[in-house]
2 protein chains.
Amino acid sequence: MVRVRMADVAARAGVSTATVSMVLNGVNSTRISPQTQQRVREAAEAVGYKPNSVARSLRTQQTRMVGLISDTIASTPFAGRMLAGANDVAREQGHLVVLVDTERDAEAERQALHALNGQQVDAVIYACMWHRVVEVPPGLPEDAVLLDCAPAGGGRAAVVPDERAGGRVAVRELVAAGHRRIAFLDAEERFELVASRLRYEGYLEVLAEAGIEPDPALHVRAEPVAGGGRDAARRLLDLPERPTAMFCFNDRMAMGAYAAAHHCGLSVPRDLSIVGYDDQQLVAAELDPPLTTIALPHYEMGRWAMEVALGLRQADPEVPHLMPCPLIRRASVSPPPTQFGD
Amino acid sequence: MVRVRMADVAARAGVSTATVSMVLNGVNSTRISPQTQQRVREAAEAVGYKPNSVARSLRTQQTRMVGLISDTIASTPFAGRMLAGANDVAREQGHLVVLVDTERDAEAERQALHALNGQQVDAVIYACMWHRVVEVPPGLPEDAVLLDCAPAGGGRAAVVPDERAGGRVAVRELVAAGHRRIAFLDAEERFELVASRLRYEGYLEVLAEAGIEPDPALHVRAEPVAGGGRDAARRLLDLPERPTAMFCFNDRMAMGAYAAAHHCGLSVPRDLSIVGYDDQQLVAAELDPPLTTIALPHYEMGRWAMEVALGLRQADPEVPHLMPCPLIRRASVSPPPTQFGD
DNA sequence: AACCTCAAGTTAATCGATTAAACAAACTGG
DNA sequence: CCAGTTTGTTTAATCGATTAACTTGAGGTT
């Protein structure tokens, strides 16, 4: 199948390629008579002309491609939502996404940047799959947009989830249900999760605004997986004055908390209310009862980043844009059990 | 930052661009004197020359880009592994992946094909996120590779998981542990899952080879999610002569089976052995006890597809390549409880 | 008649490489 | 000493578009 070129269209319509180009791109269209325009369009249709973007790109210095460098597309189910958001905006704008997965390898990053630079992509997005503070790799274009990470030195457009607000929303949901002894099942510090500190801050803020004295015994840490959540929750439930609600760092820990509650013969949410974080479909929605949780706005962040990258939206390079994390209300929160003496 | 062109290197080295091109590409290198080669390389280094792939592509008719059309990158955690596999091979070969997500929309598919064709990608991969039989979209290049789907009419290179063998491996694991009453918790037919029939066939094959008469009462269907698995498992456990083992269509159903077992006061695997399918990290590894399951070879299929796309490997266009599904042995299988009369 | 304006195109340069063909200088062999 | 080969490099065409600058002829003005 031999490709048809603009010259073929021109020949068939009996005009020059310049005319074809103008007509097909709608440039200077007042200067071309309607009849000729018609003729050109028919010819293009007839020969099945498809413009060659490579040639166009060489001339216009625009490729309509955006490079998306990510550290790991593989190991998290979140990746997809971010890609989907970015991808949707790109498509709406007639752009294509070139994806490179570097697996956090500096050398791979350098190569990727090279390749993307060589391909003359119009913009670059640098995405992390966990909310992190990153050392911006050398060679990353000035106007690159950071997605789900903040630049260590500042000075770049970036978007991250508003974890602190998310923490507040989660704990407010529990306070509003009447809880006063609310535990926070946190991730261990060694994981260096930015989200951990921020969600904890949100937790403290709401306790303060509700006039609840934070009890240090209710802030426990564990590995942020189901097993860790189970152990941490068990410790909490062994407390003399045990919590009536738990805010968990993530849904997997919440899953563990469910198991611990079962083990202690407690029912969720009647005896224990639980709120998670992340809204992982496979966990949150499938638990019994379905888990009330805070969603990470991956799709929206992906959109935002692409919109900034394509110049559809302005960004303040000094401070990362905070994307709200919505509460997903399901069935794991209810008022605390009534006790004598209350 | 103004781009340096080959002409700049040529000027600095005091040679023509032809020489620079030959040296830098190692073409005809015997014909260029070592001194000149050295000079050119130094000049390129000094001015920080980076080749412009767009210009090169225009000339060579090769873009070193591969288009990857997928129906949904968003809604499944598997997507990432497939992309990662494809991406790794692409990188090893110095190629870039252009990703387009069409969300199964025919119009979007048409557009994507247009765009990729316009960008002159060297190859195209058409990926599904569930094992499916697909109607190949019109305009898909003859030599496109299908990933995790088989073409309705045949005649295309394709790779899919070997579900039947996977089913066999799963059930053999149970037979080997000594089970004879083995249930299959299947997905309902309305979901039209290719995998459903194939895994069932594998199940039947192993029963036959073990001389076990299949009991229709042990083949139950439900929605392939945790809730469906729970209900189906409960029905099975209410049977007068209940199964000692369950092979579940997927890990989510297995998760429900765990819940049902708990509910009936049975312990996994002491009273009931369970094998899942999919090896979804968030489910299988985090259950208590961890779930023995069959993994889908997404990474390997991604690699395979890209290798075929880049001509590194030959494929038979008549029959899809079957990728083996490995058994992931964890802790949900043990010998059946001993019964009187055995 | 001389001059200007306008409409409707066309010509040719350009984007930044690759590569076949041409060329100049040095060398080789009879 | 001259034809022929080898060596090392350059010239120029090419890939397929875009676009500034130019052309051509018709119509209008004075």
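What you see below is based on every heavy atom in this structure, not just the backbone, and it leaves out hydrogens, waters and symmetry mates. In what follows, every chain begins at residue 1, and chains take the letters A, B, ... in the order their sequences are listed.
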Participant: Can you tell me if Arg91(A) and Gln111(B) form a side-chain donor-acceptor pair at under 3.5 Å?
Facilitator: no
Participant: Ignoring hydrogens and angles, tell me if any N or O in the side chain of Arg313(B) forms a donor-acceptor pair with the backbone of Trp304(B) under 3.5 Å.
Facilitator: no
Participant: Suppose the criterion is side-chain hydrogen bond (donor to acceptor under 3.5 Å, both in side chains): which pairs have a residue in residues 14-23 of chain A, not counting sequence neighbours?
Facilitator: Ser16(A)-Thr19(A), Ser21(A)-Asn25(A)
Participant: Which part of the nucleic acid does Ser57(B) contact within heavy-atom distance under 4.0 Å: base, sugar-phosphate only, or nothing?
Facilitator: nothing
Participant: List for me each residue that meets side-chain hydrogen bond (donor to acceptor under 3.5 Å, both in side chains) alongside Glu135(B), sequence neighbours excluded, and say none if there are none.
Facilitator: none
Participant: Does a donor on one side chain sit under 3.5 Å from an acceptor on the other, for Arg39(B) and Gln35(B)?
Facilitator: no
Participant: Going 5' to 3' through nucleotides 9-18 of chain D, assign each nucleotide B (protein heavy atom under 4.0 Å from a base atom), S (under 4.0 Å only from sugar-phosphate atoms) or - (no protein heavy atom that close).
Facilitator: BBB-BBBBBB
